[in-house]
Amino acid sequence: MGSRTIEITAFDYKPVVMQNVTVNAGKELVLTINMEEDLKKINEVVITAKTDKNKPLNELSTVSTRTFSVEETQKFAAAVNDPARMATSFAGVVVAGDGNNHISIRGNSPNGLLWRMEGVEIPNPNHFSNVGTAGGGISILSAQLLSNSDFSTGAFAAEYGNALSGVFDLRLRKGNNEKREYTVQLGILGMDVAAEGPFKKGYEGSYLINYRYSTLNILGKIGIPIGDANTNFQDLSFNFYLPTRKLGKFTLFGFGGLSYQTTTAEKDSVRWQEDDFLRLNTNFYSNTGAVGVTNTKLFKNKSYLKTALVFSGTENGYKQDRLGVDYSSLTREYEQRFVQNKLTLSSTYTQKINAKNNIRTGFILNHLGYSLKQSDMGDSTVLLEQINEKGGTETMQVFFQWNTHITEKLTANVGVHYFQLFLNNSNSVEPRASMRYDIHPKHHLTLGYGLHSQLQPIGVYFVENTDNGVRTLPNRDLKLSKAHHAVFGYDFVLNEHEHIKTEVYYQHLFGVPISKDPTSTYSILNSTDGFPSESLSNSGLGRNYGVELTYERFLFKNLYYLLSASLYESKYKAADGAWYDTRFNTNYATSLTIGKEWNLKNKEKKRTIGCNIKSIYVGGFRYTPIDLNASIAAGETKYVTAQTYQKRMPDYYRLDIRLSLKRNYKRITSTVALDIQNTTNRKNVGGQYFNDKTGEVKYWYQTSLIPILSYRLEF
């Protein structure tokens, strides 16, 4: 029992060493192994377990890509089984706020992130997500369902499209096809139940299902300040593996999440003078789901075809009512309901030509459906319609990439990606190339370049303007945002368990939507969610450049650590012709993630005590200061636009600790864990706001110390 290192060898293939593999009494270990053919073919071979443990699963991803494991999402302090929160330990990744898992990668907006599952783009898989965003409050996807996956932060391989900052390429785990197993977890955040096993004896197929129900109201009841809202969420995810003899291997997978948050107005007009929000009834809801089927067919010529059909959708809504002075009447001030759905057909063909050459090509077809409604009272006395659009459009992506081992030491990947939006026929032809040169078994150089593009959030295209009674859609012809990525890296392998890696990168963004108003400083590069209501053009620019350093020890003798540091600049050019810092230009970020386990044995059971620590220190996010005098005069928030994003919040620091005790009995594994988030109870500034009741500018703060206790059984 405990953590193990597993070595897999086969004739004519490079050895694979899997670190940080946990073996528990309550669950059988099932592994899927991908092996790379060795260029050296000799009659007799002696294998030594020396391999690059930081190599991504996708061998065509050469730069700025690393594999993350389920063990990391479960062990990392404050990760809460969430891939996005776990990724904040990596160089160049900064969380945008404690209350969500929005991540800014290399100074980019969190919206530049692409989520994929089983090779297909999926909607933002997070609870409490808003429209036009790639994050949310907490992940819908349970670690029970995930297998080892890849995370990219720049210069992606040719098969990835519709992303500017990063890619989560998630892979699902197959259930145990020999034995039925169950996992139950209870904690402050709620209940989590999983089941897996074979469909029938003698059949290789299996099922894996996970359900979770949570209510954050429990945190409030134990004294954690999370506000007065009623907050709940639940989700279901599954993966059915269905192999056949002649038609190939099928999988049926999916996930769905429901989340909502409501508040009720207080019938106390005196308190309304202090906080206008107390006068409001609000109802926010966010629902997301996807279901798909894949088929993988192997051919005798060392090739395979993987085809997927996926239907997915999101529903985001918000209603706001103001309570009247008579405590009985309600006036609707704001209402939105955005429904988006997508039908995706993708097919990828991979051909192994010989030991030195592989090709991969395919296509992705999307039908996008939408029903978008938004109304706001604003300064009027009635609701004014801002967006009301229903319809559909299509996108197409086609890619080709070639992986070649030029020599034993030099590997190259070249390819091209094509992306087209049929709504307005905007398109992008994107060359991609990368290489890796192994100077020495311990020294590796990487170089990558790529042109990348991304679709605007769908609601941006349907913002309405009405002039003299004539309705127009000024943003319908917006083109794709684009970016050139260039990355140079050096990886120094100290030994089998430690390495130091550094990367230098430059990103040039162009075709970025900015305001058509020549005096405006607005750019979509600073957005985290929502749809802008103004007219936009693709004349904006941006640039991100920096250097990253990672010192990592993979789990060895029950100890691991990961130290990362980043120095960077992130700028954008607005309609007024000036360059500004982006909202996410913190300039520097450091993190230390470390964990240690101690094994205690006796005759009846084996106990493992674990301690995991995560420490983050990041420069403050940029903000535009509030013009107090102008705000008082107007009775609403006004900004000093001449100082757009010139101010910076105080530096952000957070320390998280996870303590765990695991016990392995004969057929059961139990784990009790305590995650203490923001252990020092530091008051990190979250932002500023103007209180029109008091005429003051105030600051709001991010989450305080939060203890999350859980108990887990595997049997």
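A donor-acceptor pair under 3.5 Å is formed between the side chain of Asn475 and the backbone N or O of Val460. At least one donor-acceptor pair closer than 3.5 Å links the side chain of Thr67 to the backbone N or O of Leu57.
Counting only N and O atoms by type, the side chains of Asn148 and Ser69 include no donor and acceptor under 3.5 Å apart. Residues Asn126 and Asn101 bring a donor and an acceptor atom of their side chains to less than 3.5 Å of each other. Checking Ser109 against Ser527 by side-chain atom types alone, no donor-acceptor pair falls below 3.5 Å.
Under the 4.5 Å side-chain criterion, counting only non-hydrogen atoms from C-beta, Tyr572 is not in contact with Asn585.
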**OP:** Step by step, work out the salt bridge (charged side-chain N to carboxylate O under 4.0 Å, His left out) result for Lys482 and Glu430.
**Re:** CA-CA 9 Å; Lys482 299 182 182 182; Glu430 304 164 12; over 6 Å; no
**OP:** Could you go through the side chain to side chain donor-acceptor pair (under 3.5 Å) check for Gln507 and Tyr505 one step at a time?
**Re:** CA-CA 7 Å; Gln507 298 175 353; Tyr505 66 88; over 6 Å; no
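Aromatic pair Tyr160/His452: centroids not less than 6.0 angstrom apart.
The aromatic rings of Phe419 and His417 sit perpendicular, their planes meeting at an angle over 60°, well past the 30° parallel limit.
Between the CG atom of Asn424 and the NZ atom of Lys479 there is a distance of 5.0 Å, given to the nearest 0.5 Å.
Checked options Phe156, Trp115, Phe90; the residue passing with Phe168 is Trp115 (criterion: ring pair (Phe, Tyr, Trp, His ring centres under 6.0 Å)).
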